[in-house]
Amino acid sequence: MRFASLLVYVDEGPEAIARVALACAIAGLSKAHVIGLAASMPDVPQIDPYAGGAMTGEMLSLFRDIAEADVSRARTLFWDTVGGYADHAEWRGEVGYPSDLVVQALRAADLAVMGRRDPVRSPARSPDPADVLMAAGRAVLIVPPEIPRDPIGTPAVIAWKDCREAQRAVASALPILAASSIVHVIEVCAAEQTDEARLNAEEVAVFLGRHGIVASAQIVHGDGRPRSDQIIEFAEEYGAGLIVAGGYGHARLREWVMGGVTHGLLDRSPVCLLLSH
């Protein structure tokens with residue numbers, strides 16, 4: 001029940017500093033290795049077919065230099081933030097498409113620590129966690145812009161659904177759940193599904209207990225609102241610092257289409273969110 005290696009995506013600003021610090025704190029639970037990664041894809045300008053070849057080459061070189069400068073700034077931020085954990089850390093910075101490079105780098109890590117999708121930031125600068133979630137074979141920990149409660153040592157919520165995605169999410173989250181003060185296993189269901197849902201949640205709680213994790217099982221009846229909103233409301237009521245859930249979705253015309261609960265949690269979870277597909 002330990003992580004051997006974590007990957008954290010680094011861009012710029014206070015959010016990235018908090019994300020790197022959190023990755024080091026999680027890694028510190030088991031002296032895991034931390035891989036810092038930044039990527040930037042050069043902006044490709046529209047080429048004037050009547051422009052000279054030399055001018056076009058200079059423009060492409062300029063945009064690559066800008067991308068390399070982005071990566072260099074992220075590298076400085078990473079090492080400044082890692083501080084005393086530097087002996088257990090390494091840096092990987094590349095010019096390329098961020099989501100693709102994160103997925104590739106996850107062959108060397110148990111978990112990706114990333115920021116929430118930023119509608120302002122270009123996907124050429126920051127990876128989309130939904131893209132990484134659906135393409136990688138690893139769990140993804142999505143960190144909100146501000147972290148109201150530490151996911152370590154606080155209550156955690158497992159949003160259970162009886163399927164493989166939820167099973168994988170719980171297994172991937174065990175090292176963090178082991179450090180939680182209590183884990184609430186909840187299933188949002190219709191009234192007629194209460195007995196089955198309660199049995200499911202109780203078995204997950206028993207499983208966690210066998211790992212030495214204090215856990216409780218609770219049923220939340222659907223009230224017509226999006227289930228993601230009810231999960232978030234429960235997490236806020238119980239002071240949770242982490243939500244764990246399966247990540248549901250499928251590919252359609254080069255775009256990942258998220259299920260309703262996954263989409264809602266990705267967009268609105270106020271606390272750290274661990275998803276696995």
Side-chain angles (χ1 to χ4, degrees), residues 2-42 64-118 120-133 135-147 150-152 172-173 175-176 179 241-242 266 271-276:
R2 64 181 296 273
F3 292 128
S5 181
L6 303 181
L7 183 144
V8 57
Y9 189 82
V10 189
D11 34 39
E12 296 183 72
E15 295 174 19
I17 294 173
R19 194 183 315 136
V20 173
L22 176 60
C24 290
I26 294 172
L29 295 172
S30 55
K31 293 296 181 185
H33 192 68
V34 175
I35 301 170
L37 172 68
S40 183
M41 189 71 178
R64 184 177 180 86
D65 289 345
I66 292 172
E68 290 177 344
D70 290 339
V71 173
S72 180
R73 286 193 297 271
R75 178 183 184 276
T76 299
L77 182 150
F78 175 75
W79 287 118
D80 286 347
T81 306
V82 164
Y85 207 76
D87 289 344
H88 300 282
E90 69 173 274
W91 174 253
R92 300 184 183 187
E94 299 184 53
V95 172
Y97 196 68
S99 293
D100 291 345
L101 292 175
V102 170
V103 170
Q104 292 170 15
L106 275 172
R107 59 182 168 236
D110 298 299
L111 177 74
V113 182
M114 305 172 59
R116 184 185 292 168
R117 177 189 299 163
D118 188 338
V120 177
R121 232 178 232 282
S122 165
R125 298 290 183 272
S126 294
D128 186 329
D131 288 343
V132 175
L133 172 69
R138 297 287 190 268
V140 177
L141 181 68
I142 298 104
V143 182
E146 296 182 3
I147 307 174
D150 196 325
I152 302 172
S172 298
I176 306 177
L242 175 69
L266 274 169
V271 299
C272 291
L273 172 67
L274 190 147
L275 297 174
S276 177

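- Rounded to the nearest 0.5 angstrom, R116 CZ and E146 CD are separated by 10.0 Å.
- No option in V10, V113, I147, T81 other than V113 meets the side chain to side chain contact (heavy atoms under 4.5 Å, CB included) test with R19.
- With rounding to the nearest 0.5 angstrom, the CG atom of L133 is 9.5 Å from the CG atom of L274.
- Residue Y9 comes nearest to R125 through the heavy atom pair OH-O, 2.7 Å, listed as atom of the first residue, atom of the second, then distance.
- Annotation: side chain of C272 is in contact with side chain of P144 (closest heavy-atom distance under 4.5 Å).
- Closest of all the heavy-atom pairs between E12 and D70 is OE2-OD1, 4.3 Å.
- A distance of 11.0 Å separates CZ of R92 from CZ of F78, quoted to the nearest 0.5 Å.
- Closest heavy-atom contact between A108 and S5: O-OG, 3.0 Å.
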Kindly list each side-chain donor-acceptor pair under 3.5 angstrom involving residues 30-39, sequence neighbours excluded, with atom names and distances?
unit_1	atom_1	unit_2	atom_2	d
S30	OG	F3	O	3.0
H33	ND1	H88	O	3.2
H33	NE2	E90	OE2	2.8

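- Dense packing is recorded around CZ of R73, with more than 12 heavy atoms of other residues, nucleotides or ligands lying under 6.0 Å away.
- The two residues L22 and P151 have their closest heavy-atom pair at CD1-CG, 3.6 Å.
- Here the CG atom belonging to L266 is positioned 5.0 Å from the CD1 atom belonging to I142, to the nearest 0.5 angstrom.
- Contact record, G28 with Y85: N-OH, 3.7 Å, taken as the closest heavy-atom pair.
- For the pair C24 and V82, the tightest heavy-atom approach, listed with the atom from each and the gap, is SG-CG2, 4.0 Å.
- With rounding to the nearest 0.5 angstrom, the CG atom of D100 is 11.0 Å from the CD atom of E94.
- The side-chain heavy atoms of W91 and V71, taken from C-beta on, include a pair separated by under 4.5 Å.
- Residues L77 and D11 form no side-chain contact, since every pair of their non-hydrogen atoms from C-beta on lies 4.5 Å or further apart.
- Of the possible polar contacts, none joining the D110 side chain to the L6 backbone as a donor-acceptor pair under 3.5 Å is found.
- Rounding to the nearest 0.5 angstrom, the gap separating the CG atom in L141 from the CG atom in L273 is 7.5 Å.
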